[in-house]
Colleague: 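Below is a structure I'd like to ask you about.
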Amino acid sequence: MNSNPGQSYQQQASSNSERHDDDAALSEFLASLMDYNPTIPDELVEHYLAKSGFQCPDVRLTRLVAVATQKFIADVATESLQHCKARQSAVVKDKKQPKDKRLILTMEDLSKALREYGVNVKHQEYFADSPSAGLDPVSREE
């Protein structure tokens, strides 16, 4: 128990004040979403929300999902760029300076970045190294 009953009242009043500030900030943020035009269209977000079984007539919630999705995509793109730069700088150390300094994003870079966010991407082999590549082991022996 507190020896000073006034202190618990002050803590409670402070907690209520902080909660009020948080509620006001949240209300202001949600109101600002009405004026915001997200990069990802509302129709696209509503389509995928409906596809997953979620229905909500509130446009603010749809735009909140769009903003969260946009942030996720931006974070993945930034991580992919870092992996791309690291991969290409490792190649430069092995060889002389290349004339073309363009960055080339590969599926490997994207897969590494997505793996950091808990998304495992498995891509298929598009090019065969040998005529038997892509065949099941039983067919290879024939």
Side-chain angles (χ1 to χ4, degrees), residues 1-2 5-142:
M1 279 289 206
N2 281 341
Q7 183 180 7
S8 65
Y9 176 75
Q10 289 173 346
Q11 288 175 345
Q12 194 174 23
S14 173
S15 174
N16 286 340
S17 173
E18 289 174 6
R19 190 174 309 135
H20 178 69
D21 292 344
D22 290 345
D23 290 345
L26 180 61
S27 296
E28 183 180 326
F29 176 70
L30 288 174
S32 71
L33 285 175
M34 290 301 293
D35 299 329
Y36 179 69
N37 190 12
T39 304
I40 301 170
D42 292 340
E43 293 81 15
L44 183 65
V45 175
E46 287 171 358
H47 169 77
Y48 281 103
L49 287 175
K51 193 172 179 178
S52 68
F54 184 80
Q55 294 288 333
C56 182
D58 193 355
V59 175
R60 297 175 302 174
L61 186 60
T62 302
R63 290 193 179 159
L64 182 62
V65 171
V67 168
T69 304
Q70 184 177 337
K71 167 100 171 69
F72 175 74
I73 292 170
D75 289 347
V76 168
T78 302
E79 286 294 322
S80 297
L81 177 64
Q82 297 305 317
H83 287 290
C84 179
K85 286 180 178 178
R87 178 179 46 82
Q88 288 186 342
S89 70
V91 170
V92 169
K93 289 179 184 176
D94 294 341
K95 299 178 181 178
K96 293 181 180 179
Q97 285 284 9
K99 293 179 183 178
D100 191 9
K101 293 185 180 185
R102 291 184 295 172
L103 298 174
I104 300 170
L105 178 66
T106 63
M107 192 64 190
E108 181 182 334
D109 300 328
L110 186 59
S111 295
K112 285 180 182 178
L114 284 169
R115 197 173 306 123
E116 292 178 13
Y117 290 93
V119 179
N120 292 324
V121 176
K122 295 187 184 211
H123 55 282
Q124 298 205 354
E125 297 295 324
Y126 293 106
F127 302 105
D129 293 335
S130 67
S132 64
L135 298 177
D136 59 36
V138 176
S139 313
R140 288 182 188 172
E141 294 173 2
E142 295 174 356

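This chain uses plain numbering: 1 for the first residue, then up along the sequence. Every value quoted in this text rests on a predicted model; they were computed, and no experiment measured them.
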Colleague: Excluding sequence neighbours, so at least two apart, what forms side chain to side chain contact (heavy atoms under 4.5 Å, CB included) with L81?
Modeller: K85, L103

Colleague: Rounded to the nearest 0.5 Å, how far does SG of C84 lie from CG of L110?
Modeller: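 Taking CG in L110 and SG in C84, the distance rounds to 11.0 Å.
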
Colleague: Before you tell me yes or no, could you show the steps for Q88 and H83 under side chain to side chain donor-acceptor pair (under 3.5 Å), namely the whole-Å CA-CA distance, both residues' side-chain angles and the distance that decides it to 0.1 Å?
Modeller: CA-CA 9 Å; Q88 288 186 342; H83 287 290; over 6 Å; no

Colleague: Sequence neighbours excluded, which residues qualify as salt bridge (Lys or Arg N to Asp or Glu O under 4.0 Å) partners of R115?
Modeller: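 With sequence neighbours excluded, R115 shows a salt bridge (Lys or Arg N to Asp or Glu O under 4.0 Å) to no residue whatsoever.
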
Colleague: Just how far is it from atom CG of L30 to atom CG of L26, taken to the nearest 0.5 Å?
Modeller: 4.5 Å

Colleague: When S80 is tested against each of L105, L114, D75 for side chain to side chain contact (heavy atoms under 4.5 Å, CB included), which residue passes?
Modeller: L105

Colleague: Tell me which pairs pass side-chain hydrogen bond (donor to acceptor under 3.5 Å, both in side chains) where either residue lies in residues 42-55, with sequence neighbours left out.
Modeller: D42-R63

Colleague: CD1 of I73 to OG1 of T78: how many Å apart, nearest 0.5 Å?
Modeller: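 Result: 11.5 Å between the selected atoms.
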
Colleague: Kindly state each residue pair satisfying ring pair (Phe, Tyr, Trp, His ring centres under 6.0 Å) with at least one member in residues 26-46, sequence neighbours excluded.
Modeller: none

Colleague: Nearest 0.5 angstrom please: R60 CZ to M34 CE, how far?
Modeller: 7.0 Å

Colleague: According to ring-ring contact (aromatic ring centres under 6.0 Å, His included), who are the partners of F72, at least two apart in sequence or on a separate chain?
Modeller: Y117

Colleague: If you count every heavy atom of other residues, nucleotides or ligands that lies below 6.0 Å from N37 atom CG, does the total exceed 12?
Modeller: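 Open.
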
Colleague: D35: which residues meet the side-chain hydrogen bond (donor to acceptor under 3.5 Å, both in side chains) condition with it, sequence neighbours left out?
Modeller: none

Colleague: Using side-chain heavy atoms (C-beta onward) and a distance below 4.5 Å, is T62 in contact with F54?
Modeller: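 No, every pair of side-chain atoms sits at 4.5 Å or beyond.
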
Colleague: Measure the CZ-NZ distance between R87 and K112 for me, rounded to the nearest 0.5 Å.
Modeller: 8.0 Å

Colleague: Indicate yes or no: at least one non-hydrogen side-chain atom of V119 is less than 4.5 angstrom from one of V121.
Modeller: yes

